[in-house]
Amino acid sequence: MNIKQRTIKAPVSISGSGLHTGEKVTMTFNPAPENHGYKFRRIDIAGMPVIDADVDNVTDTSRGTTISQNGASVSTIEHVLAALVGLEIDNVLIDMDGPETPIMDGSSIQFVEALTQVGSTDQEADREYYHIPYNIHYSEPDRKVEMVAMPLDDDYRFTCMVDYNSQVLGSQHASISSITEFVDSIASCRTFCFLHELEMLLKHDLIKGGDLNNAIVVVDKKVDEEELNHLAKLFNRKDIKVAPQGILNNIELRHQNEPARHKLLDMIGDLALVGVPLRGHIMAARPGHAANVAFAKKIKTLIKKERSRKHFKVYDPTMKPVYDTEQIMKILPHRYPMLMVDKILELTKSHVVGLKNVTMNEGIFQGHFPGTPLFPGVLQIEAMAQTGGILVLNTVPDPENYITLFLKIENARFKDKVVPGDTIIFHCNLLAPIRRGIAQMKGVGVVGERVVVEAELMAQIVKQTKTEEA
């Protein structure tokens with residue numbers, strides 16, 4: 001059964017302070033159209049620049065995840081994105097009047113509550129998942145980070161382990177068997193830090209929005225009363241003690257393994273930057289924002305490769321062609337050894353698909369790298385041009401009386417080698433309607449699933465003169 005994309009029913013706002021900047025910010029979630037995804041809009045900046053929640057826009061992961069685009073940035077976005085993923089909301093435009101999302105209580109729960117308050121609604125378009133096709137690994141041996149995404153057809157599952165070599169925190173595990181468990185099991189789990197990290201951040205004036213109500217502080221060293229009194233003064237509290245669990249007594253744990261659950265929350269938010277909803281099982285040991293983002297980039301790269309392959313229809317070289325070689329020679333003036341198209345497999349008013357078999361018998365290989373035969377790139381372009389010529393000549397009733405002159409070749413790229421035994425499938429598509437016999441086309445040559453050549457071509461059909469016909 002197809003699942004529909006989803007957005008929220010009405011705008012909803014939430015306000016608070018950024019953890020690191022301390023700046024007050026109001027964040028408004030707005031409904032968005034189908035296939036919009038998650039975007040942030042800085043309404044406090046002239047022109048209100050929009051920042052796509054995309055892993056390619058990540059510019060910092062040192063104290064949370066920051067994205068930048070169009071001259072603007074938004075930081076600490078992971079808790080917000082986790083809430084949207086956990087509620088399975090696909091399309092939202094998030095307005096912000098500051099550079100950092102509000103930290104709230106250090107978890108996603110208040111974002112979840114605000115979004116739940118207004119509710120969500122199904123849209124017309126289907127949600128298109130990316131199904132993890134096989135085990136995808138990522139590791140950072142120096143930090144003992146291990147991450148793997150494994151196939152799982154019908155859900156989004158997470159398993160997370162943290163181990164900070166701390167007697168207080170120790171090793172912790174957290175997991176959910178379905179993304180539907182996020183709201184009840186993960187959303188309320190708050191961020192945490194060690195006391196020595198807190199002191200360093202305070203020293204460098206990096207947690208201006210921290211008030212000890214939005215983080216679990218793990219006490220990983222002996223602390224005297226003087227230091228506790230100093231912290232109490234900094235955070236305007238009467239009394240700070242170390243609780244029996246080895247954390248500051250500013251808050252009580254919501255779960256015994258709340259730190260591990262929060263790391264899982266961060267993973268969900270950071271992996272939202274892949275840009276498409278996922279189906280699979282994500283397992284991670286000692287993850288962090290930098291590793292999450294690197295892993296997300298690896299998954300996105302795989303998605304882009306697969307989508308580029310799927311863009312091209314797969315053709316059976318033995319299928320009955322639209323034109324065979326003899327029919328092609330009735331249209332094109334080229335002959336051996338310069339006839340570079342063996343078959344036309346598909347032909348419409350706007351695109352053509354041609355086939356070129358590369359064989360060792362071709363005379364070119366006598367002189368072109370005879371010890372390591374490669375089909376020359378210039379001849380790949382010629383074969384593409386001849387395929388496109390069929391498309392252009394198909395617009396006149398007597399193509400045998402015309403020739404195709406190529407006026408321009410731009411953005412030619414040779415992406416992989418072509419060798420004897422390869423069959424190149426050329427796809428040529430019009431970039432604009434043909435006017436006055438002039439056509440602009442985008443051509444791509446594919447061997448199997450490999451794109452080997454691409455270029456943009458401009459051609460004009462010209463009626464042959466008697467001299468040319470002779």
Side-chain angles (χ1 to χ4, degrees), residues 55 61 64-65 77-88 106-109 111-112 129-166 168-193 216 218 245 253-303:
V55 68
T61 56
T65 301
I77 61 172
E78 58 274 9
H79 303 168
V80 176
L81 296 181
L84 292 167
V85 174
L87 290 171
E88 298 185 86
S107 76
S108 293
I109 192 63
F111 305 129
V112 167
Y129 293 96
Y130 178 69
H131 294 257
I132 301 297
Y134 49 77
N135 288 1
I136 305 169
H137 294 271
Y138 176 81
S139 65
E140 294 179 9
D142 54 331
R143 298 185 182 182
K144 298 181 179 180
V145 174
E146 294 284 345
M147 304 183 79
V148 60
M150 298 180 293
L152 183 68
D153 283 340
D154 58 352
D155 220 320
Y156 197 20
R157 183 179 300 171
F158 283 84
T159 302
C160 178
M161 184 275 283
V162 295
D163 181 3
Y164 291 90
N165 195 27
S166 163
V168 174
L169 195 58
S171 293
Q172 290 191 359
H173 293 78
S175 65
I176 53 174
S177 59
S178 170
I179 195 64
T180 58
E181 299 173 16
F182 174 84
V183 172
D184 293 333
S185 299
I186 303 298
S188 65
C189 296
R190 296 156 295 185
T191 191
F192 66 96
C193 67
I216 300 163
V218 179
Q245 302 100 320
L253 291 177
R254 292 169 177 168
H255 302 274
Q256 180 273 331
N257 63 341
E258 189 170 351
R261 294 187 188 217
H262 183 80
K263 281 294 183 181
L264 196 154
L265 183 156
D266 281 345
M267 270 203 305
I268 292 172
D270 286 334
L271 289 181
L273 296 170
V274 169
V276 295
L278 300 175
R279 283 287 194 235
H281 184 182
I282 312 296
M283 298 184 69
R286 305 172 189 87
H289 293 299
N292 295 343
V293 167
F295 193 41
K297 285 185 177 181
K298 192 167 187 178
I299 295 172
K300 183 180 177 183
T301 298
L302 181 62
I303 293 172

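Residue numbers start at 1 and run along the sequence shown.
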Between T65 (side chain) and I77 (backbone), is there a donor-acceptor pair under 3.5 Å? no
Between P287 and N292 the two heavy atoms that sit nearest each other are CB-OD1, 3.6 Å
Return the OG1 to CD1 distance between T301 and I299, rounded to the nearest 0.5 Å. 10.0 Å
When you compare the side chain of M161 with that of R286, does any pair of heavy atoms fall below 4.5 Å? yes
Report the C-alpha distance between L273 and K297 in whole Å, list the side-chain angles of each, state the deciding distance to 0.1 Å, and finish with yes or no for side chain to side chain contact (heavy atoms under 4.5 Å, CB included). CA-CA 8 Å; L273 296 170; K297 285 185 177 181; over 6 Å; no
Spacing of I186 atom CD1 and L264 atom CG [to the nearest 0.5 Å]: 4.5 Å
Between H262 and H255, does any side-chain donor sit less than 3.5 Å from a side-chain acceptor? no
Test side chain to side chain contact (heavy atoms under 4.5 Å, CB included) applied to V55 and V274, step by step: CA-CA 6 Å; V55 68; V274 169; 5.9 Å; no
To the nearest 0.5 Å, what is the distance between CZ (F111) and CG (L87)? 12.0 Å
For L302 and Y134, what are the C-alpha separation, side-chain angles and deciding distance, and is it a side chain to side chain contact (heavy atoms under 4.5 Å, CB included)? CA-CA 11 Å; L302 181 62; Y134 49 77; 3.2 Å; yes
Over all atoms of both residues, closest heavy-atom pair of R254 and S188: NH1-O, 2.6 Å
Nearest heavy-atom contact between G86 and V183 is O-CG2, 4.4 Å
If we only count heavy atoms from C-beta on, is the Y129 to V276 side-chain gap below 4.5 Å? no
Report yes if the side chains of D153 and R279 come closer than 4.5 Å at any heavy-atom pair, otherwise no. no
Would S107 and H79 count as having a side-chain donor-acceptor pair, cut-off 3.5 Å? no
Where is the tightest heavy-atom contact between L271 and F295, given as atom of each residue plus distance? CD2-CD2, 4.2 Å
Can you tell if the side chain of F192 reaches within under 4.5 Å of the side chain of L253, non-hydrogen atoms only? no
For the pair Q172 (side chain) and A260 (backbone), establish whether a donor and an acceptor sit closer than 3.5 Å, ignoring hydrogens and angles. yes
Rounding to 0.5 Å, atoms OG1 (T191) and CG (L265) come to a distance of 9.0 Å
Do I132 and M150 have side chains that get closer than 4.5 Å, going by heavy atoms? no
Is there a side-chain contact between F158 and I268, using heavy atoms and a 4.5 Å cut-off? yes
Is any side-chain heavy atom of R157 closer than 4.5 Å to a side-chain heavy atom of I176? no
All heavy atoms of V112 vs all of A187, minimum pair found to be CG2-CB, 4.0 Å
To the nearest 0.5 angstrom, please state how far the OH atom of Y156 sits from the OG atom of S177. 14.5 Å
Rounded to the nearest 0.5 Å, what separation is found between the CG atom of L152 and the NE2 atom of H281? 8.0 Å
Would you tell me whether N257 and H173 have side-chain atoms, one donor and one acceptor, within less than 3.5 Å of each other? no
At their closest point, which heavy atom of A284 faces which heavy atom of M267, and how far apart are they? CB-SD, 3.4 Å
Non-hydrogen side-chain atoms of S139 and M147 separated by less than 4.5 Å: no
Backbone N or O of R190 within a donor-acceptor pair of the E258 side chain at under 3.5 Å? yes
